[in-house]
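Let me begin by presenting the structure, written as C-alpha cells, before commenting on it.
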Amino acid sequence: MSEIRVYYSSVSGCLKTKKQQQHILMVLDGRKIVHTDVDVTQDPENKDKMRRVACNDAALPPQICNGDQYCGDYEGFLNAVEEEKLTEFLKL
C-alpha cells in the first residue's frame, strides 16, 4: 500500500511556496489520490525526515514522497502533471 506524503509549511511567508503547496494538494484531491500532509513547522523531526528522504540537507517544502521513496519537489510534480505522468512520478 502506497503512502503519499506531502511535506509542507503552514507558516511559509512566501506566496510562491503557498501556491505550490495548494496546487499539489488540489491536484491530489481532485484525482482522489490518498495522501498525508506533513507540516514541517509543527515538529523539527518532520523537517529532518523530509530532508533525509530527499537526500538534501537544505530541501525546503513542498516535497513529495511515497513511503520512504522520494518522488520530488514542486517542479518535478508540475512536469509530471503536464506530461500526464503523475502516476509514475508518485511511484504508484
Side-chain angles (χ1 to χ4, degrees):
M1 180 86 180
S2 304
E3 184 193 354
I4 302 299
R5 288 195 307 266
V6 179
Y7 290 94
Y8 76 101
S9 171
S10 62
V11 294
S12 174
C14 176
L15 184 59
K16 179 180 177 184
T17 299
K18 287 180 182 178
K19 287 186 177 204
Q20 289 175 348
Q21 294 172 161
Q22 289 172 343
H23 183 233
I24 290 170
L25 300 178
M26 183 184 71
V27 169
L28 295 177
D29 290 343
R31 296 185 186 201
K32 299 190 182 350
I33 296 172
V34 177
H35 56 92
T36 302
D37 306 335
V38 182
D39 186 354
V40 300
T41 63
Q42 297 302 311
D43 182 347
E45 179 56 31
N46 291 338
K47 182 167 61 173
D48 294 342
K49 172 83 173 175
M50 173 190 74
R51 290 179 170 172
R52 276 195 307 275
V53 171
C55 296
N56 180 346
D57 290 340
L60 298 172
Q63 301 288 331
I64 304 164
C65 67
N66 184 338
D68 285 330
Q69 279 194 297
Y70 181 62
C71 298
D73 59 8
Y74 178 73
E75 190 172 311
F77 176 84
L78 184 59
N79 288 338
V81 170
E82 289 174 352
E83 295 171 10
E84 298 184 10
K85 295 184 178 181
L86 186 58
T87 301
E88 293 92 335
F89 174 81
L90 295 173
K91 303 176 186 336
L92 296 175

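Just so we're clear, the structure is a prediction, and the values are computed from it rather than from any experiment.
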(request) Of all the heavy-atom pairs spanning Ala58 and Arg51, show the shortest one and how long it is. (result) C-NE, 4.0 Å
(message) The criterion is side chain to side chain contact (heavy atoms under 4.5 Å, CB included); which residues satisfy it with Asp57, sequence neighbours excluded?
(response) none
(request) Please report the closest heavy-atom contact between Ala59 and Ala54, naming both atoms and the distance. (result) CB-CB, 4.1 Å
(message) For Glu83, is the CD atom crowded, meaning more than 12 foreign heavy atoms sit under 6.0 Å from it?
(response) yes
(message) Using every non-hydrogen atom in the two residues, find where Pro61 and Tyr8 come nearest and quote the distance to one decimal.
(response) CB-CA, 3.7 Å
(message) Within the supplied structure, the quantity of interest is the number of heavy atoms (other residues, nucleotides, ligands) at a distance under 6.0 Å from Glu45 CD; does it exceed 12?
(response) yes
(message) Ignoring hydrogens, what is the shortest heavy-atom contact between Leu90 and Ile4? Give both atom names and the distance.
(response) O-CD1, 3.6 Å
(request) Keeping the roles fixed (side chain from Glu84, backbone from Val81), state whether a donor-acceptor pair exists under 3.5 Å. (result) no
(message) Keeping Arg5 on the side-chain end and Gly67 on the backbone end, is there a donor-acceptor pair under 3.5 Å?
(response) yes
(request) Please answer whether the main-chain N or O of Ser9 pairs with a side-chain N or O of Gln21 as donor and acceptor at a distance below 3.5 Å. (result) yes
(request) Keeping the roles fixed (side chain from Asn46, backbone from Lys49), state whether a donor-acceptor pair exists under 3.5 Å. (result) no
(message) Does atom NZ (Lys91) have a neighbourhood of more than 12 heavy atoms from anything else shown, all under 6.0 Å?
(response) yes
(request) Can you tell me which residue pairs pass the salt bridge (Lys or Arg N to Asp or Glu O under 4.0 Å) test with a partner in residues 9-18, sequence neighbours excluded? (result) none
